[in-house]
Amino acid sequence: MNHIESLTAYLSSFVDELVINGVRDVVVSPGSRSTPLALLFAENPEMRIYLDIDERSAGFLALGLAKAKKKPVALLCTSGTATANYYPAVVEAFCARIPLLVLTADRPRELQSVGAPQTIGQSELYGSHVKRFIEMEIPENNTFMLRYTRTVCARAVFAATTRPFGPVHLNFPLREPLLPDMKEAVNYRAQEKKAVSITSGTLALSSSANHSIAETIRRAQKGIIVCGQLEFSGMKEAITTFAERLGFPVLADPLSQLRRGSYTFSNIIECYDSFLRDEQTALLLQPDLVIRFGPMPVSKALMLWLKQQKSPHLVVDGGQGWRDPSAAATEMVYCDEERFCYDLIDLLPENKHRDWLALWRKINEAAKTALLSIRDEQVLSEEKAVVLTSDLMPDHSCLFVGNSMPIRELDTFLFTGSRDIAVYANRGANGIDGVVSTAVGVSLVSKHTVLVIGDLSFFHDMNGLLAAKQYQANLTIVLINNDGGGIFSFLPQASEKENFETLFGTPHGLDFSNTARLYGADYKNVGSWSEFASAFTHSFSKPGLKIIEIRTNREENVRKRRQLRLLVNEQISEVLGRDRQ
Ligand code: TPP
């Protein structure tokens with residue numbers, strides 16, 4: 001059999017089937033073994049190729065594209081350590097339920113474990129962090145094998161996009177020569193019809209299960225709804241309608257997308273992280289039912305408080321996971337979340353316990369008043385940087401926040417408002433790696449994107465800036481530079497004065513204006529809030545990459561947070577008419 005003919009027919013059919021199944025974006029990294037697939041992707045007019053030299057950044061770039069497009073994205077790299085560099089992004093995609101098709105080229109079996117160059121064990125490389133691993137066959141050109149490559153492709157896309165979404169790894173052993181016949185490739189394209197279609201349905205509960213849950217809800221006088229990151233846009237409306245019918249407060253994580261947008265916020269509570277730390281307030285708000293959607297929210301105070309509750313605790317998850325780090329769940333409800341909300345709305349009367357919601361709202365408003373005092377601060381601080389950023393973001397823009405302090409600051413300071421801001425973060429595995437690339441991915445398919453990131457996380461993925469330069473991303477980076485890792489100053493090791501800076505603070509003294517120069521970014525180190533506001537607002541009218549650096553102080557950050565917490569408690573005591581502690 002002619003080798004080139006087989007290579008061309010088998011791999012062109014695979015690429016064609018990817019397109020037919022809705023995959024239109026591929027992030028390619030350079031290499032030799034992946035040559036035929038790279039060329040065939042380039043030859044297919046339906047495919048958009050993003051080239052990223054560093055596979056670690058490439059993996060996260062694909063993740064960002066998939067997050068923002070809400071569609072599966074493919075990755076392609078050569079054999080050897082290139083494949084291992086995808087690992088962190090694959091882990092994040094698995095934990096955050098993002099669909100990726102990870103395509104790795106490999107040497108054929110006869111060149112495995114014999115000291116061939118650039119050859120490592122790629123079989124099941126990502127272990128339990130992919131939904132499926134598929135070892136492809138050596139290319140052959142016959143009806144059976146061409147159908148095989150198409151159906152295996154369809155199955156891979158289906159696996160990646162079936163709840164829970166996630167990455168699928170396909171390893172392609174390829175023999176030399178590696179150049180396909182580009183003139184022939186078109187003959188295996190534009191099939192238009194899927195080789196095989198896969199039909200599946202929405203996960204729903206039986207009528208008796210719905211009635212039993214409705215009964216549990218009906219009995220509750222003090223229910224709450226807790227929302228972590230929500231995967232689907234229809235959830236916003238479903239949950240707000242459900243909450244209004246029940247009259248329950250909704251404790252909404254910034255990634256739930258429920259804090260911003262043009263809909264009613266009457267049930268949304270956003271300051272819980274600040275007020276649940278206070279024992280008296282936490283006791284006052286004990287619920288008799290918890291209904292939780294999405295992963296556990298960012299707030300540690302909320303997680304610890306939920307852990308103490310003795311009430312029934314329902315976790316609704318259409319992805320059928322076990323999202324219960326506080327070990328508080330009493331019932332896992334495996335049902336499509338939107339379906340759950342609407343099915344139960346039909347079974348439940350309007351809630352009459354208005355006092356319960358009013359109490360939550362009163363406390364939330366008091367906390368918000370105290371937190372907003374930060375707006376009057378003159379000194380540069382991380383807290384006010386986040387408040388101003390969210391105040392000044394344009395309508396219909398995207399805000400990407402890094403780990404670990406930026407997402408926590410946002411949790412405290414992102415208040416409800418009608419301006420629509422889509423909030424993103426890498427909270428699957430909470431890494432400080434790959435954040436720049438993921439944000440670049442989001443920015444390439446969105447109008448205005450802002451990334452708020454700490455200096456260590458920025459340093460970790462500076463290579464990610466190349467894609468921003470090459471693809472003219474419209475991205476504003478707010479770089480909060482406290483010269484090291486701010487989160488550790490809040491942890492018990494902060495008392496280990498002697499070793500703290502070396503092991504945890506980790507100051508680096510880098511001058512990031514040089515980074516900006518290297519990647520051709522517009523750069524501004526701001527010294528006042530008026531300078532920040534002006535640079536930030538201007539950044540939206542300038543195309544390309546903009547970096548606005550704010551230098552802050554880690555210890556000052558801890559002091560400010562403590563001061564604000566006291567202020568929150570004082571304000572709550574005042575509105576509740578209780579003695580100040
Ligand atoms: N390495 C990875 C890949 N991920 C991690 N989450 C960590 C290490 C542990 N870690 C969590 S937060 C953090 C580190 C090292 C410091 C982050 O510092 P920075 O990005 O400057 O943000 P800050 O906390 O100062 O706001």
Side-chain angles (χ1 to χ4, degrees), residues 24-27 48-54 57-71 73 98 233 254-255 257 260-261 385-386 388-402 406-407 410 414 419-426 434-454 457-458 461-480 512-513 515-526 531-550:
R24 298 296 159 92
D25 301 275
V26 58
V27 180
R48 169 94 209 245
I49 292 192
Y50 297 88
L51 199 284
D52 201 332
I53 296 166
D54 173 352
S57 295
F60 283 104
L61 182 69
L63 183 85
L65 290 166
K67 270 182 187 234
K69 289 192 110 179
K70 307 206 183 314
K71 291 250 165 70
V73 171
I98 305 296
S233 46
L255 298 168
Q257 317 300 346
R260 287 295 175 118
V386 169
L388 282 190
T389 299
S390 58
D391 281 354
L392 299 171
M393 294 276 298
D395 207 5
H396 305 298
S397 53
C398 298
L399 176 58
F400 204 107
V401 273
I407 182 72
L410 194 78
L414 181 71
R419 218 180 289 171
D420 209 351
I421 302 174
V423 184
Y424 296 93
N426 282 347
V435 174
V436 172
S437 297
T438 319
V440 171
V442 170
S443 75
L444 291 178
V445 289
S446 313
K447 197 163 161 220
H448 292 300
T449 305
V450 173
L451 165 65
V452 180
I453 188 167
S457 189
F458 180 74
D461 190 22
M462 289 194 299
N463 280 3
L465 294 171
L466 184 59
K469 179 174 160 36
Q470 286 181 324
Y471 294 102
Q472 287 110 38
N474 284 326
L475 176 65
T476 302
I477 298 182
V478 176
L479 170 58
I480 300 182
F512 290 115
S513 67
T515 313
R517 202 167 310 124
L518 181 64
Y519 292 100
D522 193 88
Y523 170 83
K524 176 94 183 148
N525 173 16
V526 294
E531 265 182 38
F532 174 76
S534 148
F536 189 69
T537 318
H538 268 99
S539 76
F540 296 110
S541 52
K542 275 190 224 161
L545 181 64
K546 286 86 48 175
I547 300 175
I548 302 170
E549 181 172 345
I550 303 180

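The model shown is predicted, which means the values in this text are computed figures rather than measured ones. As a basis for the values below, the full set of heavy atoms in this structure was taken, side chains included, without hydrogen atoms, waters or symmetry mates.
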Is the Phe458 ring parallel, tilted or perpendicular to the Phe512 ring (thresholds 30°, 60°)?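 Taking Phe512 first and then Phe458, their aromatic rings stand perpendicular (interplane angle over 60°).
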Parallel under 30°, tilted from 30 to 60°, perpendicular over 60°: which one fits the rings of Phe540 and Phe536?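 Plane angle over 60°, so perpendicular.
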Out of curiosity, [X] [atom1] to [Y] [atom2], how far, rounded to the nearest 0.5 Å?
{"X": "Thr389", "Y": "Leu451", "atom1": "OG1", "atom2": "CG", "result": "10.5 Å"}
{"X": "Cys398", "Y": "Asp420", "atom1": "SG", "atom2": "CG", "result": "9.5 Å"}
{"X": "Ile49", "Y": "Arg24", "atom1": "CD1", "atom2": "CZ", "result": "14.0 Å"}
{"X": "Ile547", "Y": "Asn525", "atom1": "CD1", "atom2": "CG", "result": "11.5 Å"}
{"X": "Tyr424", "Y": "Gln257", "atom1": "OH", "atom2": "CD", "result": "7.0 Å"}

Looking only at heavy atoms, which two atoms of [X] and [Y] are closest? And how far apart?
{"X": "Ser437", "Y": "Phe60", "value": "CB-CB, 3.6 Å"}
{"X": "Ala467", "Y": "Leu61", "value": "CB-CD2, 4.1 Å"}
{"X": "Ile98", "Y": "Ala66", "value": "CG2-CB, 3.5 Å"}
{"X": "Met393", "Y": "Ile421", "value": "CB-CD1, 3.6 Å"}
{"X": "Pro543", "Y": "Asn474", "value": "CA-OD1, 3.2 Å"}
{"X": "Lys469", "Y": "Tyr519", "value": "CD-O, 3.4 Å"}

Can you name the residues that form a salt bridge (Lys or Arg N to Asp or Glu O under 4.0 Å) with Asp25, not counting sequence neighbours?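 Residues passing salt bridge (Lys or Arg N to Asp or Glu O under 4.0 Å) with Asp25: Lys69.
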Hey, does the side chain of Lys67 reach the backbone of Ala439 with a donor-acceptor pair shorter than 3.5 angstrom?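 No, because the side chain of Lys67 does not come within donor-acceptor range (under 3.5 Å) of the backbone of Ala439.
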For Arg419, does its backbone N or O pair with a side-chain atom of Asp395 as donor and acceptor, under 3.5 Å?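 Looks like no, no N/O pair under 3.5 Å.
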According to salt bridge (Lys or Arg N to Asp or Glu O under 4.0 Å), does anything in residues 533-546 pair up with another residue at least two apart or in another chain? List the pairs.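 Only Asp522-Lys542 qualify under salt bridge (Lys or Arg N to Asp or Glu O under 4.0 Å).
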Scan the side chains in residues 440-449 for donor-acceptor partners under 3.5 Å anywhere in the protein, sequence neighbours excluded, and list what turns up.
from: Ser443; atom 1: OG; to: Val440; atom 2: O; distance (Å): 2.7
from: Ser446; atom 1: OG; to: Val442; atom 2: O; distance (Å): 2.7

Is the shortest side-chain heavy-atom distance between [X] and [Y] below 4.5 Å?
{"X": "Phe400", "Y": "Val436", "result": "no"}
{"X": "Val386", "Y": "Leu414", "result": "no"}
{"X": "Ile477", "Y": "Leu545", "result": "yes"}
{"X": "Asn426", "Y": "Leu63", "result": "yes"}
{"X": "Leu465", "Y": "Thr515", "result": "yes"}

Side chain to side chain contact (heavy atoms under 4.5 Å, CB included) for Tyr523 and Glu549? Distances and angles first, verdict last. CA-CA 8 Å; Tyr523 170 83; Glu549 181 172 345; 2.7 Å; yes
Using a distance-only test with no angle check, is there a side-chain donor-acceptor pair under 3.5 angstrom linking Asn463 and Ser57?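 Checked: Asn463/Ser57 side chains show no N/O donor-acceptor pair below 3.5 Å.
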Begin from the C-alpha positions of Val435 and Asp461 and carry the test side chain to side chain contact (heavy atoms under 4.5 Å, CB included) through to its verdict. CA-CA 7 Å; Val435 174; Asp461 190 22; 5.6 Å; no
May I have the step-by-step check of side chain to side chain contact (heavy atoms under 4.5 Å, CB included) for Leu410 and Val452, ending in yes or no? CA-CA 10 Å; Leu410 194 78; Val452 180; over 6 Å; no
With side chain to side chain contact (heavy atoms under 4.5 Å, CB included) as the criterion, how do Ser539 and Lys524 come out once you've worked through the C-alpha distance, each side chain's angles and the decisive distance to 0.1 Å? CA-CA 10 Å; Ser539 76; Lys524 176 94 183 148; over 6 Å; no
